[in-house]
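First up is the structure itself, then whatever we jot down about it.
Just follow the structure's listing: the first ligand is 1, and inside any ligand the first atom is 1. Side-chain atoms are counted along with the backbone in the values below, which use heavy atoms only and exclude waters and symmetry mates.
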Amino acid sequence: MRPDSASAVSPASPARSGRPVCGERAHLPYEAVEAALKLAPRAEPDDVERLVRCTLEDHSTGDHFAFVLELDGVHTGSVWARWIRGRLPAAVLVLPDCPATGPAPAREPCCEFAGHAGGHTWELTDPWAVRG
Ligand SMILES: [Zn+2]
Ligand SMILES: [Zn+2]
């Protein structure tokens with residue numbers, strides 16, 4: 001009997017087959033939400049992502065990073081949560097955007113922060129992504 005069956009594979013079956021994202025989820029504690037809003041004075045509390053998800057390439061070491069809040073302006077970067085695996089995200093920080101873009105003609109911008117670990121957004125498969 002073959003151990004692999006088609007139904008055991010992810011039902012999302014995205015069109016592109018990149019490496020998987022980490023996908024670790026965490027609830028942003030109240031203090032971190034407050035800290036994020038301090039970093040982005042013009043943001044509304046509803047703008048802050050409360051249930052965050054690590055979008056780095058699947059990793060077995062290092063901290064998780066998740067997008068929290070966009071900042072106004074073009075080259076301002078974004079607010080990210082960073083957390084140690086098994087803990088809650090206690091800290092938020094502003095990180096510049098990753099400057100990389102995908103191959104032509106799409107030139108898809110990378111949605112990670114500058115200097116992130118792992119592959120760029122377009123090299124990864126995110127079965128949970130809601131892009132639109
Ligand atoms: Zn992660
Ligand atoms: Zn990147």
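Within 6.0 Å of the CD atom in Glu70, the count of heavy atoms belonging to other residues, nucleotides or ligands does not exceed 12.
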Practice task
Verify side-chain hydrogen bond (donor to acceptor under 3.5 Å, both in side chains) between Arg85 and His59, making sure each step is shown before the conclusion.
Solution key: CA-CA 11 Å; Arg85 50 190 62 225; His59 55 110; 3.3 Å; yes
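Between the side chain of Glu57 and the backbone N or O of Gly119 there is at least one donor-acceptor pair closer than 3.5 Å.
Residue contact annotation: Cys111 places no N/O/S atom under 2.8 Å from the Zn ion (ligand 2).
A salt bridge between Asp126 and Arg53 is present, with a side-chain N of the basic residue lying under 4.0 Å from a carboxylate O of the acidic one.
Between the side chains of Thr101 and Glu108, no donor N or O sits under 3.5 Å from an acceptor N or O.
Nearest to the Zn ion (ligand 2), among the N, O or S atoms that His120 has, is ND1.
Excluding water, every protein N/O/S atom under 2.8 Å from the Zn ion (ligand 1) is given here by residue and atom: Cys22 SG, Cys54 SG, His59 NE2, His64 ND1.
Members clustered with Leu28: Val33, Leu37, Leu39, Val48, Val52, Val68, Leu69, Leu71, Val79, Trp83, Val92, Val94, by chain and number, using a 4.5 Å side-chain heavy-atom cutoff among hydrophobic residues.
Here the angle centred on the Zn ion (ligand 2), running from SG of Cys98 over to SG of Cys110, is 110°, rounded to 10°.
The heavy-atom pair separating Arg82 from Leu93 by the smallest distance is CB-CD2, 3.9 Å.
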